[in-house]
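We name chains A, B, ... by the order of the sequence lines, and we start the count at 1 in each one. None of the values given here were measured: they were computed from a predicted structure.
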Protein chains: 2
Amino acid sequence: MDSEDDSPLGYDAFRRTCPSHTVLEMLASKWVYLTVCALRRGRLRNGELARKMEGITPKMLTQTLRVLERDGLVRREVFPVIPPRVEYELTELGQNLAGLLSQIRSWAEEHAPEIKEARGRASADHDEMAAS
Amino acid sequence: MDSEDDSPLGYDAFRRTCPSHTVLEMLASKWVYLTVCALRRGRLRNGELARKMEGITPKMLTQTLRVLERDGLVRREVFPVIPPRVEYELTELGQNLAGLLSQIRSWAEEHAPEIKEARGRASADHDEMAAS
DNA sequence: ATATATAGGCACCTTATGGATAGTGAAGAC
DNA sequence: GTCTTCACTATCCATAAGGTGCCTATATAT
């Protein structure tokens, strides 16, 4: 094991042209994180997701769901009724990912105080520079 | 366990005003992922990081490192020599996160083929719609 | 004398993204 | 009629991301 942090089969997210790089790019979104976490417990309707994710606009919600659907992480089911009813649920692949993403979410929640403190120190340092 | 996917102590990344939400926002960046993964094995210099992360511009690299430093994930050490020498390494908090992030990276590398296939299907469907 | 390497800072510009606002259609409540 | 709900779609605008080029300092190599 020389410098093998590398992938099992030639995939390397550090390379711009590697498919895994674009996957990482897709995952690098606040709303993707939250949407996948929200769907982890089961299928939800558009409106339920919107209420759960404070601050998301309908546009971003739809956009995020379309990306997740395109990439095979989310399944979309339309009921042809009026008023419309659409449900979203994670695919197996999505479930698989959800475990990891909710670990990140938990990490963020656990370490938020530390990071807030670090940010405080950083801006204090910055102010002190400005005062000199 | 009713609906306890929630945080241990009142932190909830789904709430816009929660500190953990801004932490998630900070983590939701391709370059943050890769930088933390790159530093996982030990300290690296700016140029080494730049060479490792294909496609990153000096500006984005610096920007990313400044954010990570501000949030207490990365430590920056300057050697007052000429030519300049600066090294970056993960703090303990950063190490802690690096484990999770490199799991995500591995996931991306492992599942890249599936996702590529899903994207292919999606665009095929799209084309077929356009052809009708 | 000239060039190189190093780790940036700074200013400018273009493009992509996020987010806000308004609109659509059809059923049912009032 | 008018209003609401639902799951969107379309449009605009402000902000952010990202790219480019030029600048700094000096020891070392040519």
Does any N or O in the side chain of Glu25(B) come within less than 3.5 Å of the main-chain N or O of Lys30(A), such that one atom is a donor and the other an acceptor? no
Separation between CD (Glu117(A)) and CD (Glu114(A)), nearest 0.5 Å, reads 8.0 Å
Whole-Å distance, Glu77(B) CD to dA7(C) C1', equals 15 Å
So if you build clusters from Ile, Leu, Val, Met, Phe, Trp, Tyr with side-chain heavy-atom gaps below 4.5 Å, do Val78(B) and Leu68(B) land together?
yes
Rounded to whole Å, CE of Met60(A) lies from P of dA16(C) at a distance of 16 Å
task: Could you tell me whether the side chain of Lys59(B) has a donor or acceptor atom within less than 3.5 Å of a complementary atom in the base of dG9(C)?
output: no
Nucleotide by nucleotide, nucleotides 24-30 of chain C touches protein heavy atoms under 4.0 Å in the pattern (B base, S sugar-phosphate only, - none) -BSS---
Glu25(B) CD to dT17(C) C1', in whole Å, measures 13 Å
Practice task
Looking at every strand, decide which applies to Tyr88(B) at a 4.0 Å heavy-atom threshold: base, sugar-phosphate, or nothing.
Solution key: sugar-phosphate
Separation of dA5(C) atom P from Arg51(B) atom CZ, nearest Å, is 10 Å
Worksheet item: Could you walk me through whether Glu48(B) and Lys52(B) pass the salt bridge (Lys or Arg N to Asp or Glu O under 4.0 Å) check?
Response: CA-CA 6 Å; Glu48(B) 294 169 328; Lys52(B) 182 145 190 163; over 6 Å; no
Any donor-acceptor pair under 3.5 Å linking the side chain of Thr22(A) with the backbone of Pro19(A)?
yes
Considering only heavy atoms from C-beta outward, does the side chain of Arg119(B) approach that of Asp71(A) to under 4.5 Å?
yes
Arg45(A) atom CZ is separated from dT5(D) atom P, nearest whole Å, by 13 Å
In whole angstroms, the gap separating C1' of dG18(C) from CD of Glu54(A) amounts to 17 Å
Nearest-nucleotide check on DNA chain C, Arg85(B) vs Ser29(A); residue mapping nearer the 5' end is Arg85(B)
dC6(D) phosphate, OP1 or OP2: any side-chain N/O from Asn46(A) under 4.0 angstrom? no
- Task: Would you indicate whether the side-chain heavy atoms of Leu34(A) and His21(B) approach each other to under 4.5 Å?
- Result: yes
side-chain hydrogen bond (donor to acceptor under 3.5 Å, both in side chains) with Glu87(B): of Arg45(B), Arg43(B), Arg75(B), only one passes, and it is Arg43(B)
What residues 61-73 of chain B contributes to the DNA chain C interface at heavy-atom separation below 4.0 Å is Thr62(B), Arg66(B)
Check: Ala112(A) main-chain N/O paired with Ser20(B) side-chain donor or acceptor under 3.5 Å | no
In whole angstroms, the gap separating P of dA17(D) from CH2 of Trp31(B) amounts to 14 Å
Taken to the nearest whole Å, CG/Leu44(B) to P/dT6(C) is 14 Å
